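Notes follow once the structure below has been shown.
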Amino acid sequence: MGGDEVNSATDSVRSSTLLLDTHVLVWSLEEGPRLGASTKKELNEAARQNRIAISAITPWEIALLVSKDRLQLGVDVMVWVRDALAKSGACLVPLDPEIAVASTRLPFEMHADPADRILVATARHIGATLVTADRALLELSLLGNLRVLDATN
């Protein structure tokens, strides 16, 4: 990719809404080393410009992970979710019928994970860039099906 193409791709991310994958929301509030420096910078700038979005499926996914003991939060999950949404300054994107139906009609092959399908449909529906470290979702962008930002960069 030439310099102009890289700048164009970066400008596109900077000008669009960033939809956070569930793990990215958790990582961003932990302030641990999992998020890449470039991603942290993009998230901070997007937060200042009110360009952060969270899918309605994300609180469900966080609660599910907690219920299966795959995620420990230190406080009740409902308290954590409310605090997370307030701290991130994010807009919660509802799971409206268009997104729900679109998640079953994606015009490309994708694994069957319902939360990931809803995240992808949400990003496409609102024209957002999905911030994720999920390799399968990152690969969708290589085929032009989705704009993504690799959270580990």
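Side chains are part of it too, since the values below use all heavy atoms of this structure and drop only hydrogens, waters and symmetry mates. Please read all numbers here as calculations on a predicted model, not as lab measurements.
Counting non-hydrogen atoms of neighbouring residues, nucleotides and ligands closer than 6.0 angstrom, the CD atom of E109 reaches no more than 12 such neighbours.
Put simply, the side chain of L92 reaches to within 4.5 Å of the side chain of L85, judged on heavy atoms. When side chains are defined from C-beta on, V131 counts as touching T39, because their heavy atoms get closer than 4.5 Å. Two residues are said to be in side-chain contact when any heavy atoms from C-beta on lie closer than 4.5 Å; L20 and H23 fail this criterion. Counting only heavy atoms from C-beta outward, the side chains of I62 and W80 approach each other to under 4.5 Å. Between V66 and Q72, every side-chain heavy-atom pair lies at or beyond the 4.5 Å cut-off.
Checked for salt-bridge contact, D150 and R135 meet the test: a charged N lies under 4.0 Å from a carboxylate O.
Without hydrogens or angle criteria, D21 side chain to V24 main chain gives no donor-acceptor distance under 3.5 Å. Formation of a donor-acceptor pair under 3.5 Å by the R117 side chain with backbone atoms of S103 is found in this model. With hydrogens and angles disregarded, no donor-acceptor distance shorter than 3.5 Å links the side chain of R70 to the backbone of L64.
The residue from L18, L19, L146 that alone fulfils the side chain to side chain contact (heavy atoms under 4.5 Å, CB included) condition with T129 is L18. Among the candidates L25, L130, I126, T122, the single residue satisfying the side chain to side chain contact (heavy atoms under 4.5 Å, CB included) test with S55 is T122.
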